[in-house]
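Everything below concerns the one structure shown next.
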Amino acid sequence: MKNFIKNIVTDAAKKAFEEKVLPSSQIPEIQVEETKHESHGDFSTNFAMTTASIQKMAPQKIAQILISAIKAGNTGTTDGSEILVEKVEIAGPGFINFFLANKAWHPVVDNILVQDKLYGSSDIGKNEKVQVEFVSANPTGPLHVGHGRGAVVGDSVGSILSFAGYNVQKEYYINDSGRQIRTLGTSVWLRLLQRAGKEIDFPDDCYRGDYIKELAQKILEQYGSKFSEKDETEAIAVCAKYAADKILNGIKQDLTDFGVTFDQWFSEQSLYDSKRLEKTVDDFKSKDLIYEKDGALWFRTQGFGDEKDRVVVRNNGLTTYFASDIAYHKEKYERGFDRVIDVWGADHHGYIKRIDASIVASGLKSEQFDVILVQLVNLLRNGKPFQMSTRAGQFVTLKDIVDEVGKDAARFLFLSRSHDSGLDFDLELAKQTNSENPVYYVQYVHARITGILLKAKEEKIVSSIDFKKGEYLDLLNEPEEIRLIKILNAFKENVEKSAKTLHPHIIFTYLMNLASAFHGYYNKHKVLSDDIKLAKARLSLVLAVKKVIRNGLTLLGVSAPERM
RNA sequence: GCGCCCGUAGCUCAGCUGGAUAGAGCAACGGACUUCUAAUCCGUAGGCCACAGGUUCGAAUCCUGUCGGGCGUACCA
């Protein structure tokens, strides 16, 4: 539709030049936009204003010339017979506004019914191989609310990119190596000793949650009471492995219940086992990207935009987290991804530059690496801050939220705001299943329409509640109907914008907007009109709305209920 | 100090690849169910878009600075 208008303007400008009413043949990129106000028509172009300096002419005058050219040509027709542009006019400082005939919009409905689940999809991704890595929480405790936000953002970005034609793989990086795992093992081991009757001072830097005690108990049950007599180093290793496995299984289950799925789970330990990390360090050493100083090995990140160089191997011989991350990211590109997207909590933002530096140092381009920084979730209870700490064992888990609020409401709330902004998540508010919860507003549209379609089938107006061809669409001429179709038409654009900017909340905003337009229409006009032809036309429209709502909700991982 | 994010209606936030009269939800007030689901709708009220400069025909949007809030700034992860 937009291109159609664009062509009209381009043709008119060329024609005006040929007829020498416009002095310059230079035609800049023509921008056509949907108007904000209906009084400004359906589309407008600022062409006259942007080209004013080139043509050395007042915008108003250029606009006038263009309009005459448009009117003179037989532009405005698609197949030469139907006139789709009803009116063209100059407005304001030089905008050219286009008013389309209603019938220009009617084919949109058919298009949706035919494309069905594919409506809104596109190929802007050109099948580019993209990896989205998200959550990647350490398996040292259950997922909490903050992880939930990262989880839905990553999951939805994955769905949206797929829908927009990217070849997407979703991955979870398991930090199953390093100090935090040893701490986990120690925590469990100490609780186990306490349970076995030993007096132990439980250190502050150990994990204190009740789940640690439960794990200790399970180990005792499984290995018997003799376990507490074991050699400490060996026992801690067993505890660590056992606990990490159990916790990871819990994480997987919680994510599944939250509707979040992964194509692959990647183990950090595997980077050590395969000697991949070692090889990566050697490789960079031979390229003089890693050097030795003060007994430690440093990566020359400063040369690639970081504030300073960073340690990869400490002077005690242990590798840093950064070291395995370098190897991991290098490995991702070697697996064939053109582009890698990491979803991180905002508290890790200082880490971006050094990873980016390591990627550029590997000979890749900075544009091939994106980080979605998800701002922190501000947990409230009845409007008051609610502090959480994994170490202290005081937190609200993701599971708690999903159990109490439900998957749909939780996901929808997490995606309701741009991830660039902090999110207030009020536990009491989220638990409410009333109209304050926007998810019901959108889902209600889907359920309402299903109700109408079922009734229509019962009354034999339609033979099925799902059909692929609209009927009597030219009867759709109410302003609310045209407005609804315009919004339906904008779905694909919104998906594309969401994919390009990696902002899933664009889909949220779109759905709220569509839902609002539908509810307004529903209250004003009866779909099942006595006029059977009109009823069929409206049923077609309403079915199209239903399909778009479903497609949108699917991208956010929220269900579209038939009944509420 | 330096870096990243944010500052828009009483509250929570959209709008930010520059466009015409800055939007929505909640809260407030007034209306609409014998009619397809009132988990809905319609109306009223509410704004120096933090502040100051700059670029531009045009700035909530881009640039610079100031102020305020959040988060970072390890041979931690």
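Basis for what follows: all heavy atoms, side chains included, without hydrogens, waters or symmetry-related copies. Keep in mind it's a predicted model, so treat the numbers as computed, not measured. Chain letters run A, B, ... following the sequence lines, proteins first, then strands; residues in each count from 1.
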*Would you mind classifying the nucleic acid contact of L297(A) as base, sugar-phosphate or nothing, using non-hydrogen atoms under 4.0 angstrom?*
nothing
*Is the distance from OP1 or OP2 of C41(B) to the nearest side-chain N or O of Y441(A) less than 4.0 Å?*
yes
*What's the closest nucleotide to the T35(A) side chain, out of C41(B), C71(B), A20(B)?*
A20(B)
_Let's see if you can work this out: which of A77(B), A20(B), C57(B) has an atom nearest to the side-chain heavy atoms of M49(A)?_
C57(B)
*Rounded to whole angstroms, how far apart are CH2 on W344(A) and P on C4(B)?*
15 Å
*Could you check which nucleotide pairs with U12(B) in any of the strands shown, counting Watson-Crick or G-U wobble with both distances under 3.5 Å?*
A24(B)
_Face-to-face contact H40(A) to A20(B) six-ring, under 5.5 Å, under 30°_ = yes
*Would you call the rings of H37(A) and H40(A) parallel, tilted or perpendicular, where under 30° means parallel and over 60° means perpendicular?*
perpendicular
*asked:* Using a 4.0 Å heavy-atom cut-off, does Y522(A) contact any base of the nucleic acid, only the sugar-phosphate backbone, or nothing at all?
replied: base
*Side chains of L413(A) and N437(A): does their closest heavy-atom pair fall under 4.5 Å?*
yes
*asked:* Using a heavy-atom cut-off of 4.0 Å across all strands, would you classify K455(A) as base, sugar-phosphate, or nothing?
replied: sugar-phosphate
*Would you call the rings of H329(A) and F369(A) parallel, tilted or perpendicular, where under 30° means parallel and over 60° means perpendicular?*
perpendicular
*Assign N97(A) to base, sugar-phosphate, or nothing according to its heavy-atom contacts below 4.0 angstrom with the strands shown.*
base
*S44(A) has a side chain; which of A20(B), A39(B), A77(B) sits nearest to it?*
A20(B)
*Interatomic distance, D426(A) CG vs G25(B) P [rounded to whole Å]*: 21 Å
_Applying a 4.0 Å non-hydrogen cut-off, can you work out what T501(A) is touching in the nucleic acid: base, sugar-phosphate, or nothing?_
nothing
*For C26(B) and A20(B), measure between their P atoms and round to the nearest Å.*
27 Å
_Interatomic distance, H446(A) NE2 vs A39(B) C1' [rounded to whole Å]_ = 16 Å
*Have a look at C16(B) and give me syn or anti from its glycosidic angle (syn if within 90° of zero).*
anti
_Residue N46(A), side-chain atoms from C-beta onward, closest of A77(B), C71(B), G19(B)_ = G19(B)
*Counting only side-chain N and O atoms of R182(A), is one of them less than 4.0 Å from OP1 or OP2 of A77(B)?*
no
*Whole angstrom is fine here: how far is it from CZ in F425(A) over to P in C11(B)?*
22 Å
*Is U73(B) paired to anything, Watson-Crick or G-U wobble with both distances less than 3.5 Å, and if yes, which nucleotide?*
G1(B)
*asked:* Heavy atoms from C-beta onward define the side chain here; which of A77(B), C5(B), U21(B) lies closest to that of N138(A)?
replied: A77(B)
*Using a cut-off of 4.0 Å on non-hydrogen atoms, how would the nucleic acid contact of N315(A) be classed: base, sugar-phosphate, or nothing?*
base
_Paired nucleotide for G65(B) [Watson-Crick or G-U wobble; both distances under 3.5 Å]_ = C51(B)
*Would you mind telling me which of C41(B), G3(B), U21(B) lies closest to the side-chain atoms of H37(A)?*
U21(B)
*Quick one: on RNA chain B, does S529(A) or G178(A) contact a more 5' nucleotide (nearest heavy atom)?*
S529(A)
*Nucleotide paired to C33(B) in any strand shown, Watson-Crick or G-U, under 3.5 Å*: none
*Mind running ring-ring contact (aromatic ring centres under 6.0 Å, His included) on Y172(A) and F134(A) for me, showing each step along the way?*
CA-CA 6 Å; Y172(A) 187 117; F134(A) 57 107; 8.1 Å; no
*For S418(A), report the nucleic acid contact type (base, sugar-phosphate, nothing); a contact means any heavy atom under 4.0 Å.*
sugar-phosphate
*Can you tell me, in whole Å, how much space there is between the C1' of G18(B) and that of C57(B)?*
12 Å
*Using the P atom as the reference point in each nucleotide, state the distance between C48(B) and G10(B) in Å, no decimals.*
7 Å
_Expressed as a whole number of angstroms, how long is the span from I449(A):CD1 to C36(B):P?_
16 Å
*Using the six-membered ring for Trp and the full ring for Phe, Tyr or His, decide whether H519(A) stacks on the six-membered base ring of A39(B) (centres under 5.5 Å, planes under 30°).*
no
*If pairing requires Watson-Crick or G-U wobble contacts with both distances under 3.5 Å, which nucleotide is the partner of A60(B)?*
none
*Y291(A) ring center near F299(A) ring center (under 6.0 Å)*: no
*Measure from the side-chain heavy atoms of S421(A) and tell me the nearest of A20(B), A14(B), A77(B).*
A14(B)
_Let's see if you can work this out: which of A39(B), U21(B), A14(B) has an atom nearest to the side-chain heavy atoms of H505(A)?_
A14(B)
*Quickly work out the I506(A) CD1 to G23(B) C1' distance and round it to whole Å.*
16 Å
*In sequence, state the C-alpha distance, the side-chain angles, and the governing distance for H505(A) and H419(A), and then conclude on ring-ring contact (aromatic ring centres under 6.0 Å, His included).*
CA-CA 8 Å; H505(A) 79 281; H419(A) 53 246; 7.2 Å; no
*F95(A)-G19(B) aromatic stacking (under 5.5 Å, under 30°)*: no
*Please check the phosphate of C16(B) (OP1 and OP2 only) for any side-chain N or O of K497(A) closer than 4.0 Å.*
yes
_If I pick the P atom on C5(B) and the same atom on U17(B), what distance separates them, to the nearest angstrom?_
15 Å
*Which is true for H419(A) with a 4.0 Å heavy-atom rule: it touches a base, it touches only sugar-phosphate, or it touches nothing?*
nothing
*Knowing that exactly one of L184(A), N175(A), I212(A), D176(A) qualifies, which makes a side chain to side chain contact (heavy atoms under 4.5 Å, CB included) with T140(A)?*
L184(A)
*Using the P atom as the reference point in each nucleotide, state the distance between A60(B) and U44(B) in Å, no decimals.*
25 Å
*Most 5' of A447(A) and G422(A) on RNA chain B, judged by nearest nucleotide*: G422(A)
*Do any side-chain nitrogens or oxygens of K353(A) fall under 4.0 Å of OP1 or OP2 in G3(B)?*
no
_Closest nucleotide among U73(B), U21(B), C13(B) to the R417(A) side chain_ = C13(B)
_Separation of the C1' atoms in U8(B) and G46(B), to the nearest angstrom_ = 14 Å
*May I ask you to say what N513(A) touches in the nucleic acid, namely base, sugar-phosphate or nothing, with a heavy-atom cut-off under 4.0 Å?*
nothing
*asked:* I'd like the P distance from G7(B) over to C51(B), given in whole Å.
replied: 13 Å
_Nucleotide forming a Watson-Crick or wobble pair with G46(B), both distances under 3.5 Å_ = none
*asked:* Can you classify the ring geometry of Y328(A) versus Y173(A) as parallel (below 30°), tilted (30 to 60°) or perpendicular (above 60°)?
replied: parallel
*When the C1' atoms of U55(B) and U40(B) are considered, how many whole Å apart are they?*
48 Å
*asked:* Against E34(A), only a single residue in R483(A), K486(A), K2(A) fulfils salt bridge (charged side-chain N to carboxylate O under 4.0 Å, His left out); can you say which?
replied: K2(A)
*Please determine, for the side chain of S39(A), which listed nucleotide (A14(B), U21(B), C41(B)) has the closest atom?*
U21(B)
*Determine the contact category for R563(A): base if any of its heavy atoms lies under 4.0 Å from a base atom, sugar-phosphate if only primed atoms, P, OP1 or OP2 are that close, otherwise nothing.*
base
*Distance-only, no hydrogens or angles: does the S267(A) side chain make a donor-acceptor pair with backbone N or O of S270(A) under 3.5 Å?*
yes
